[in-house]
A.B. asks: 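Quick one: this structure, given as structure tokens, is what I'll be asking you about.
Along the sequence shown, residues are numbered consecutively beginning with 1.
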Amino acid sequence: MKNRILNHLGMKVLSLIIAIVVWVIVANVDDYKTTKQVTGIEIEFINGNAITEKNKVYEVPDGTSVDIIIKGRRKLVEKLDSKDFKAVADLSKMSITNAVNVEVYATSSLVAKELTINYTNSAILIAVENKVEKQLPINVRVFSSVEEGYAIRNKTVTPNLITVKGAESVVNDIENVVVDVDVSHANHNLAFTGEPVFLNKMGERMDASKFEYDVKEVESVIEILPTKKLAVRLNTSGEPKEGYAIAGIDYQPTTINVVGDAADLAYVEEITVDDIDVSGASSTMETSINILDYLPEGIALADDNSEIMVKIMIEKLEERAVVLENEDINIVGKRKGYRYTFVNKNNNLITVLGLIDNLEKLDVTNMIPSIDVSKYDVGEYEIKVNFRTLSGIEILKDVTIKLRIEEEEQ
């Protein structure tokens, strides 16, 4: 039996060696080296204080992840993804062109020994700016509309100032800071608490994570009171240049909507502006007034527009002769038993001064020409004709009429 085992020992050893060699060959063929792309490895930025200590801020405009190519044994490479790697950018080693190298390595030292790592974007550009500080007022921005017949008289915020710090280009783009309040159908005072909203020069909302600010919460109070529509009356002061007159006054708006306590509103019906000076004017004037300057105490404007646009037409006065017929003259104070007869011709002339538009519309009968004969006895008299005063018309010379008074025959 022993001899039989020994007789085949050589063959058995040779078979074992052949089996081992075959296994090694098969194992190497099955676990060949391969490559793989791993994407989206987040970059960790370290030593940022190297920038911020110089009163600067930084931003990564082109993204914060990196892609790599790894090479190694197939069975190892196939199992790896972005979570098995770490990418680090040391900001303290940033170049004068604001570029910083990105280093990528496997988180496992055993894996790292087995791999070759390659990546094309080995450096990333960092945007670096001066850090600035800016103080801005906080305003209330309302949405919707209050109940009809009511308006907002006052809006207050606490605090009313906010300090912003950040990149110069970002901070300088902040145009307005508001707290938003919904006043839909409100008819009483409202109180709100909200976060500040930052708006750029285009009125668009900005990303507040891009900068620092010291006020995180704002309290606002909205005062809502009843409204009333009031007429606006305009009067002028002074006189235009001699020989000129006011031909008309146009202004818009002619009414305004005001807000106030009901008791205050009850005592006001119109707003009068009486200090528009036309002294020495000889041509049309255009001006504007701020109606807020004329509102009584306790009354505020309900609308945003406080400007009244005014146009005062100034025109040259013209002379014109108007014919006065005898039959148009009223004889006042007649006594019974007397006869009254006009002696002069039936074409008396009146010289008047006025604006062209007024002269063209002038009717002598509207002037109600008259003479008073109550104090006259029998005889012929030169009597002054009286006229009713007409707006915009001036009689330059007195007009007299010759009248004969006689006793009637019995």
Side-chain angles (χ1 to χ4, degrees), residues 231-251 254 269-285 310-410:
V232 178
R233 306 295 180 198
L234 261 61
N235 299 316
T236 60
S237 63
E239 295 294 334
K241 183 179 178 180
E242 187 176 355
Y244 290 82
I246 298 174
I249 302 176
D250 288 337
Y251 58 95
T254 58
E269 296 298 331
E270 65 179 28
I271 302 299
T272 301
V273 178
D274 55 7
D275 57 355
I276 302 178
D277 191 4
V278 297
S279 298
S282 59
S283 60
T284 295
M285 296 173 52
V310 183
K311 183 177 183 179
I312 303 174
M313 282 70 75
I314 307 290
E315 294 180 6
K316 188 176 178 59
L317 295 171
E318 302 288 342
E319 287 188 20
R320 178 169 295 184
V322 180
V323 176
L324 174 62
E325 303 289 348
N326 289 340
E327 61 186 24
D328 294 327
I329 302 173
N330 299 292
I331 302 176
V332 180
K334 289 181 180 182
R335 289 182 291 172
K336 191 174 181 180
Y338 289 85
R339 183 171 59 247
Y340 299 87
T341 308
F342 291 108
V343 177
N344 58 298
K345 296 179 180 179
N346 191 25
N347 57 353
N348 309 289
L349 293 180
I350 310 170
T351 304
V352 295
L353 182 70
L355 297 167
I356 290 293
D357 190 51
N358 291 337
L359 293 176
E360 290 178 349
K361 297 176 182 177
L362 179 61
D363 184 342
V364 71
T365 58
N366 292 333
M367 301 172 72
I368 312 179
S370 65
I371 56 174
D372 186 355
V373 299
S374 60
K375 297 180 181 180
Y376 294 95
D377 206 342
V378 175
E380 286 190 7
Y381 302 95
E382 195 85 22
I383 303 175
K384 179 183 175 181
V385 181
N386 299 312
F387 298 93
R388 186 183 73 164
T389 301
L390 294 180
S391 177
I393 298 294
E394 179 185 356
I395 299 175
L396 296 180
K397 296 178 183 179
D398 289 342
V399 178
T400 59
I401 196 81
K402 186 174 285 189
L403 183 72
R404 181 185 298 121
I405 304 175
E406 301 170 296
E407 290 185 5
E408 291 183 343
E409 296 181 359
Q410 298 297 326

A.B. asks: I'd like to know whether Arg339 forms a salt bridge (Lys or Arg N to Asp or Glu O under 4.0 Å) with Glu408, so could you lay out the CA-CA distance, the side-chain angles of the two residues, the decisive distance to 0.1 Å, and finally the verdict.
C.D. replies: CA-CA 6 Å; Arg339 183 171 59 247; Glu408 291 183 343; 5.6 Å; no

A.B. asks: Please report the shortest heavy-atom distance between Glu318 and Leu359, naming the atom on each side.
C.D. replies: O-CD1, 3.4 Å

A.B. asks: Heavy atoms only: give me the nearest Val385-Pro369 pair and the separation to one decimal.
C.D. replies: CG1-CB, 3.9 Å

A.B. asks: Taking the side chain as every heavy atom from C-beta outward, state whether Glu407 and Tyr338 have any pair of such atoms under 4.5 Å apart.
C.D. replies: yes

A.B. asks: Are Met367 and Ile395 close enough that some pair of their side-chain heavy atoms sits under 4.5 Å apart?
C.D. replies: yes

A.B. asks: Grab the two heavy atoms, one from Val278 and one from Met285, that are nearest each other, plus how far apart they are.
C.D. replies: CG1-SD, 3.9 Å

A.B. asks: Below 4.5 Å, heavy atoms only, C-beta onward: do Leu403 and Phe342 meet side chain to side chain?
C.D. replies: yes

A.B. asks: If you round to the nearest 0.5 Å, how far is CG of Asp250 from CE of Met313?
C.D. replies: 4.0 Å

A.B. asks: Has the side chain of Arg233 got a donor or acceptor atom that lies under 3.5 Å from a matching backbone atom of Asp274?
C.D. replies: no

A.B. asks: Could you check if a side-chain atom of Asp275 sits within less than 4.5 angstrom of a side-chain atom of Val273, using non-hydrogen atoms only?
C.D. replies: yes

A.B. asks: Counting only N and O atoms by type, is there a donor-acceptor contact under 3.5 Å from the side chain of Tyr340 to the main-chain atoms of Val373?
C.D. replies: no

A.B. asks: For the CD1 atom of Ile383 and the OG atom of Ser370, what is their distance to the nearest 0.5 Å?
C.D. replies: 11.0 Å

A.B. asks: Provide the closest heavy-atom pair for Pro240 versus Ala245 in the form atom of the first, atom of the second, distance.
C.D. replies: CG-CA, 4.1 Å

A.B. asks: In the structure I gave you, are the side-chain heavy atoms of Leu362 and Leu390 within less than 4.5 Å of one another anywhere?
C.D. replies: yes

A.B. asks: Would you find more than 12 non-hydrogen atoms of other residues, nucleotides or ligands less than 6.0 Å from Glu242 atom CD?
C.D. replies: no

A.B. asks: State the CD1-CD1 distance between Ile314 and Ile249, to the nearest 0.5 angstrom.
C.D. replies: 8.0 Å

A.B. asks: With a 4.5 Å limit on heavy-atom distance, are the side chains of Val332 and Ser374 in contact?
C.D. replies: no

A.B. asks: Check whether any side-chain heavy atom of Asn344 lies under 4.5 Å from a side-chain heavy atom of Thr400, and answer yes or no.
C.D. replies: no

A.B. asks: Mark yes or no for whether Asp277, through its side chain, and Thr236, through its backbone, hold a donor-acceptor pair below 3.5 Å.
C.D. replies: no

A.B. asks: NZ/Lys402 to OG1/Thr341 distance, rounded to the nearest 0.5 angstrom?
C.D. replies: 13.5 Å

A.B. asks: Going through the distances and angles, do Phe387 and Leu324 end up as a side-chain contact (heavy atoms from CB on, under 4.5 Å)?
C.D. replies: CA-CA 11 Å; Phe387 298 93; Leu324 174 62; 4.1 Å; yes

A.B. asks: Using the side-chain contact (heavy atoms from CB on, under 4.5 Å) rule, take Ile371 and Asn386 through it: C-alpha gap first, then chi angles, then the decisive distance, then the call.
C.D. replies: CA-CA 6 Å; Ile371 56 174; Asn386 299 312; 6.0 Å; no

A.B. asks: Can you name the closest pair of heavy atoms from Gly238 and Ser279 and give their distance?
C.D. replies: CA-OG, 3.4 Å

A.B. asks: Can you tell if the side chain of Asp377 reaches within under 4.5 Å of the side chain of Arg335, non-hydrogen atoms only?
C.D. replies: yes

A.B. asks: Using atom types as modelled and distance alone, determine if a side-chain donor or acceptor of Asn358 lies under 3.5 Å from a backbone N or O of Ile393.
C.D. replies: no

A.B. asks: With side-chain contact (heavy atoms from CB on, under 4.5 Å) as the criterion, how do Asn348 and Asn326 come out once you've worked through the C-alpha distance, each side chain's angles and the decisive distance to 0.1 Å?
C.D. replies: CA-CA 8 Å; Asn348 309 289; Asn326 289 340; 2.9 Å; yes

A.B. asks: Quick one: pull up CD in Glu315 and OG1 in Thr284 and give me the separation to the nearest 0.5 Å.
C.D. replies: 7.0 Å

A.B. asks: How far does CD of Glu319 sit from CG of Leu396, to the nearest 0.5 angstrom?
C.D. replies: 5.0 Å

A.B. asks: Evaluate side-chain contact (heavy atoms from CB on, under 4.5 Å) for Lys316 paired with Lys241, printing each intermediate quantity in order.
C.D. replies: CA-CA 9 Å; Lys316 188 176 178 59; Lys241 183 179 178 180; over 6 Å; no

A.B. asks: For Glu325, look at atom CD and say whether over 12 heavy atoms of other residues, nucleotides or ligands are found less than 6.0 Å away.
C.D. replies: yes

